[in-house]
Amino acid sequence: MNFSFPLPPFRLYNTISRKLEPIKPINPPHVTMYACGPTVYNLAHIGNFRTFLCVDLLRRALELFGYKVIHTMNYTDIDDKTIAASRAAGLSLVEYTQKYIDAFEQDMQTLHLLKPHFQPKATEHIEKMIEFIRQLIDKNHAYIGEDGSVYFRIASFPDYGKLSHLEKDKLKPGSHILADEYIKEHYGDFALWKAKKPEDGEVGWISPWEIGRPGWHIECSTMSICYLGNEIDIHCGGVDLIFPHHENEIAQSESVTGQNFVRHWFHVAHVLVEGEKMSKSLGNIYTIRDILERGFNERTLRYHLLTASHYRQTLNFTWQGMEASREAVKRIDQWLSRFQSLPKSQFQLQEYEEETRFLRCFVEALADDLNITEAIGHLFDWIRHTNRMMDKGEPLPPLQRSWQLVDTILGIGEFSVEIPPEIQTLLQMRAEARKNKNWATSDRIRQQLQEMGWIVQDTPEGQKAWKV
RNA sequence: GGCGGGGUAGCCAAGUGGUAAGGCCGGGCUCUGCAAAAGCCCUAUGCGUGGGUUCGAUUCCCACCCCCGCCUCCA
């Protein structure tokens, strides 16, 4: 994308420094980005997708700024939950998780998420994890517990706690301390390899230690290094992963490589539903499909999860909020439909100061820690401004061009309706009736179309129809 | 207890040391056979509370009150 103005530095909040910092890629223009993906034991919910949507926004913004992003997102397809759920379903682990991987990919498409370049599965990298753990043991960062599991020794890593800003000496066992905790040297030590237990059923891999399976954190370290290198530019995830997951990843990775693991830590705040945390007992865990069933389309959902608040701000999901977003998307659609139906001859202003100003503001907002909320504000200013020009019949700048740029970021797609033949026929009949000022027939057809799920509007350019 | 985030109009939400973007809702007008859309106008002397610094603070400092998250496997 070429801009007629200089691009500002791209600044992003870095969890580890707690400051806004310019992106400094290791090998510009490439940016290596790893995102902790879903645990595939059920359908992902809107909270999960809010995070992935923000990661997607980050990627799109970086690409707009000319960076070549290499995006990796893993699938956690082995852990307590996947094992338990697959056994309960009477399926093998792979059969079971594949079902939810497929569902997740479908949902990603629904929400117009760009496909990551790599989507590795934990179960396909067991060998590499074993090698990784072996190195940790060799370097005396890990030890074998009495139960045969392998644990990371946090005392061996002086920087432990640098991401979450927790002091390892102050870590105290919580109420949910596990029965086998006494096996570990320090309650902060965490499992790299888990020895097989009866409840694991058939699941287990042969290793230099007991038969078993990898701990959770090791997969991300292994796959991040495997696909993107010892040090990467950006590592993403939900805020809940800061501790212990990402803290542990740092400890493992830096202990093995002796290098800095991640330059920029990007964390997305959580979603609440009607002011409350999503939970099974409240029955307020919504999946993408749940939202669509409520009659909201996927573009509204994407728009809402992306723009209702800044990514570092908790998003309180409400139906009222969804309705507001639906109206906002409709307003954008009306504007698109309006200028797209104008003759080419009306777009005469190749150079238009106001357009440049708008694009500049939009881009600068994004460069300022992905301030999408502000960027959208500029978009609506631009919409109002150009609607006014259209009202007056003034020459217009090439609106399609600026919209395309904006939609590179928003990803809510073009407003395009495929009108089925039967609807087309009714519209023609109505147009005919209107020509003869046969209002009764005109209104009857409009009513009929509405019952069929189509809204029709009369504009100076003729009828316009779209699906509810 | 430790660490962090937040309290801005009916709802959502940016933001700045000089006097409050934007969206939704609501009201008025214009346009229109009607409807819808669109445009224009209106809608916070006010930014949790109390002090302080300042010519001036919602924005800086101090104290206090609420809400939320994390503190071992939840995005």
Side-chain angles (χ1 to χ4, degrees), chain A residues 15 18 35-39 44-55 76 79-81 161 164-167 170-174 176-178 181 184 187-191 194 215-217 236-245 247-248 267-272 275-279 303-304 307-310 312-318 320-335 337-338 361 365 368 371-381 383-384 387-392 434 437-440 442-443 446-447 450 455-460 464:
Chain A
T15 309
R18 294 179 175 170
C36 287
T39 303
H45 53 67
I46 53 173
N48 297 307
F49 278 107
R50 198 260 176 132
T51 298
F52 301 130
L53 241 10
C54 290
V55 171
T76 298
D79 79 323
D80 291 343
K81 293 190 294 291
S164 55
H165 303 95
L166 298 172
E167 290 174 49
K170 288 188 181 164
L171 291 176
K172 290 190 174 126
H176 34 293
I177 182 163
L178 299 173
E181 290 293 285
K184 301 189 291 187
Y187 37 71
D189 291 352
F190 55 92
K194 293 181 159 187
W216 175 34
H217 319 296
C236 318
V239 283
D240 54 297
L241 298 184
I242 295 171
F243 190 88
H245 187 52
E247 194 68 61
N248 291 352
H267 291 104
V268 180
H270 276 180
V271 170
L272 297 177
E276 290 176 307
K277 193 169 176 172
M278 278 188 276
S279 72
Y303 177 87
H304 190 254
T307 67
S309 70
H310 182 77
R312 284 194 285 122
Q313 215 63 53
T314 304
L315 190 158
N316 186 16
F317 182 91
T318 63
Q320 193 185 12
M322 279 296 287
E323 281 162 22
S325 288
R326 176 172 58 199
E327 294 308 308
V329 170
K330 197 161 110 189
R331 175 129 179 247
I332 294 171
D333 282 347
Q334 296 291 356
W335 172 71
S337 146
R338 187 175 182 191
C361 287
D368 182 22
N371 195 339
I372 188 79
T373 326
E374 189 192 322
I376 290 287
H378 295 303
L379 172 63
F380 280 103
D381 284 339
I383 288 175
R384 184 182 309 106
N387 269 328
R388 219 174 298 171
M389 294 170 87
M390 285 187 264
D391 278 353
K392 294 181 190 155
R434 294 182 59 72
K437 295 199 189 296
N438 190 344
W439 307 125
S442 167
D443 290 351
R446 181 167 65 197
Q447 180 62 31
Q450 190 171 352
I455 299 286
V456 62
Q457 269 181 20
D458 299 306
T459 73
K464 272 183 202 165

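Side chains are part of it too, since the values below use all heavy atoms of this structure and drop only hydrogens, waters and symmetry mates. On a predicted model such as this, the values are computed, not experimentally measured, just so you know. Chain letters run A, B, ... following the sequence lines, proteins first, then strands; residues in each count from 1.
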For atom [atom1], what is the distance between [N] and [M], given to the nearest Å?
N	M	atom1	result
rG4(B)	rG51(B)	C1'	26 Å
rC65(B)	rC41(B)	P	45 Å
rC3(B)	rG10(B)	P	36 Å
rG6(B)	rG48(B)	C1'	11 Å
rG22(B)	rU43(B)	C1'	15 Å
rG7(B)	rA13(B)	C1'	13 Å
rG50(B)	rU58(B)	C1'	15 Å

Show the distances under 3.5 angstrom between N or O atoms of the protein and N or O atoms of nucleotides 18-24 of chain B.
| unit_1 | atom_1 | unit_2 | atom_2 | d |
| --- | --- | --- | --- | --- |
| rG23(B) | OP1 | Arg331(A) | NH1 | 3.0 |
| rG23(B) | OP1 | Arg384(A) | NH2 | 2.8 |

Return the set of residues passing salt bridge (Lys or Arg N to Asp or Glu O under 4.0 Å) with [X] (not counting sequence neighbours), or none when no residue passes.
X	value
Lys277(A)	none
Arg434(A)	Asp458(A)
Glu323(A)	none

Partners of [X] by side-chain contact (heavy atoms from CB on, under 4.5 Å), sequence neighbours excluded?
X	result
Val239(A)	Ile242(A), His267(A), His270(A)
Arg384(A)	Arg331(A), Asp381(A), Arg388(A)
Asn387(A)	Trp335(A), Arg338(A), Ile383(A), Met390(A)
Gln320(A)	Thr318(A)

Query raised in the report: Counting distance only, does the side-chain N/O of Asn371(A) pair as donor-acceptor with the main-chain N or O of Glu374(A) below 3.5 Å?
Result: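 Pair found, side chain donor or acceptor close to backbone of Glu374(A).
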
Query raised in the report: Would you say Arg50(A)'s side chain and Gly238(A)'s backbone share a donor-acceptor pair under 3.5 angstrom?
Result: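 Side chain of Arg50(A) to backbone of Gly238(A): no pair is present.
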
Report summary line: Pairing string of RNA chain B (Watson-Crick or G-U wobble, both atom distances under 3.5 Å; | = paired to other strand) is (((((((..(((.....[...))).(((((.......))))).....(((((..]....))))))))))))....

Query raised in the report: How would you list, by chain and number, every residue that makes a ring pair (Phe, Tyr, Trp, His ring centres under 6.0 Å) with His217(A), sequence neighbours excluded?
Result: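 Ring pair (Phe, Tyr, Trp, His ring centres under 6.0 Å) list for His217(A), sorted by chain: Phe190(A), His245(A).
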
Report task. Mind calculating the distance between CH2 (Trp335(A)) and P (rG39(B)) to the nearest angstrom? Result ->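 Value for this atom pair: 12 Å.
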
Report task. Let me know the distance between NE2 of His165(A) and C1' of rG69(B), rounded to the nearest Å. Result ->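 Atom-to-atom, His165(A) to rG69(B), this comes out as 16 Å.
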
Report task. Decide yes or no on side chain to side chain contact (heavy atoms under 4.5 Å, CB included) for Glu247(A) and Leu166(A), but give the supporting numbers first. Result -> CA-CA 10 Å; Glu247(A) 194 68 61; Leu166(A) 298 172; 6.0 Å; no

Polar atoms only, N or O, under 3.5 Å: list the protein pairs with nucleotides 30-34 of chain B and their distances.
| unit_1 | atom_1 | unit_2 | atom_2 | d |
| --- | --- | --- | --- | --- |
| rG33(B) | O6 | Arg434(A) | NH1 | 2.5 |
| rG33(B) | O6 | Ser442(A) | OG | 3.4 |
| rG33(B) | N1 | Asp443(A) | OD1 | 2.9 |
| rG33(B) | N1 | Asp443(A) | OD2 | 3.4 |
| rG33(B) | N2 | Asp443(A) | OD2 | 2.6 |
| rC34(B) | O2 | Arg446(A) | NH2 | 2.5 |
| rC34(B) | N3 | Arg446(A) | NH1 | 3.0 |
| rC34(B) | N3 | Arg446(A) | NH2 | 3.4 |
| rC34(B) | N4 | Asp458(A) | OD2 | 3.0 |

Query raised in the report: With nearest nucleotides of RNA chain B determined for Asn248(A) and Arg388(A) from heavy-atom distances, which residue corresponds to the more 5′ nucleotide?
Result: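 Between the two, 5'-proximity favours Arg388(A).
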
Query - 5' priority, RNA chain B, between Ser164(A) and His45(A) [closest heavy atom] - result: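 Closest to the 5' end, via its nearest nucleotide, is Ser164(A).
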
Query raised in the report: Which nucleotide in the set rU72(B), rC74(B), rA37(B) lies at the smallest distance from any side-chain heavy atom of Gln457(A)?
Result: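 For the Gln457(A) side chain, the nearest candidate turns out to be rA37(B).
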
Requested in this report: Using a cut-off of strictly less than 4.0 Å, decide whether Asn371(A) has a side-chain nitrogen or oxygen near OP1 or OP2 of rA14(B).
Outcome: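 For rA14(B), neither OP1 nor OP2 has a side-chain N or O of Asn371(A) closer than 4.0 Å.
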
Query raised in the report: With sugar-phosphate meaning primed atoms plus P, OP1 and OP2, does Lys194(A) contact a base, only sugar-phosphate, or nothing at under 4.0 Å between heavy atoms?
Result: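 Touches a base.
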
Measure all distances between protein nitrogen or oxygen atoms and nitrogen or oxygen atoms of nucleotides 4-6 of chain B, and list the pairs falling under 3.5 Å.
| unit_1 | atom_1 | unit_2 | atom_2 | d |
| --- | --- | --- | --- | --- |
| rG4(B) | OP1 | Arg18(A) | NH1 | 3.1 |

